[in-house]
Amino acid sequence: MSDAATVEAIMDEMQRALISADYTALQQMTTRLEAALADLPPQRDRVVLERLRRKADRNAACALAAGRGVRAALNRLTEIRQAAAGLVTYDEKGKRTGHGAAQ
């Protein structure tokens with residue numbers, strides 16, 4: 001049987017995986033967290049519920065930041081590939097123009 005401490009421990013592991021970009025481990029932890037939450041008895045202790053909510057909020061913020069970082073890296077790789085393919089210039093509004101530019 002799962003308890004709040006097990007759920008908290010998994011949530012802490014998830015935060016560490018997000019920070020270290022260990023997405024394979026994160027996927028496995030998600031399955032474990034879902035099972036632990038399903039086994040969690042109904043909580044009436046507001047302190048425990050608030051602690052779980054704070055950790056969920058923290059992990060959500062980390063996940064959003066990780067997503068932004070991955071998107072930024074992908075955008076940068078696209079820019080590098082475009083620059084390698086040819087001349088890229090910018091117009092007076094700062095938009096990319098010219099050969100190899102995404103229009």
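This chain uses plain numbering: 1 for the first residue, then up along the sequence. Source: prediction; values computed, not measured.
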Taking all non-hydrogen atoms of both residues into account, name the closest pair between [X] and [Y] and its distance.
{"X": "M29", "Y": "M14", "answer": "SD-N, 3.5 Å"}
{"X": "A36", "Y": "I10", "answer": "CB-CD1, 3.9 Å"}
{"X": "A4", "Y": "V48", "answer": "CB-CG1, 3.4 Å"}

Distance (rounded to the nearest 0.5 Å) between [X] [atom1] and [Y] [atom2]:
{"X": "D22", "Y": "Q27", "atom1": "CG", "atom2": "CD", "answer": "11.0 Å"}
{"X": "N59", "Y": "I19", "atom1": "CG", "atom2": "CD1", "answer": "8.5 Å"}
{"X": "L37", "Y": "D39", "atom1": "CG", "atom2": "CG", "answer": "9.0 Å"}
{"X": "R51", "Y": "D45", "atom1": "CZ", "atom2": "CG", "answer": "7.5 Å"}

message: Under 4.0 Å between a side-chain nitrogen and a carboxylate oxygen: does that hold for D57 and R53?
response: yes

Worked verdict on T6 versus D3 for side-chain hydrogen bond (donor to acceptor under 3.5 Å, both in side chains): CA-CA 5 Å; T6 301; D3 61 2; 2.9 Å; yes

Cluster overlap [X] with [Y], hydrophobic side-chain contacts below 4.5 Å:
{"X": "L74", "Y": "Y23", "result": "yes"}
{"X": "M11", "Y": "L49", "result": "no"}
{"X": "Y90", "Y": "I80", "result": "no"}

task: Kindly indicate, with the supporting measurements, whether the criterion salt bridge (Lys or Arg N to Asp or Glu O under 4.0 Å) is fulfilled by R16 and E13.
output: CA-CA 5 Å; R16 288 189 294 275; E13 287 179 56; 5.3 Å; no

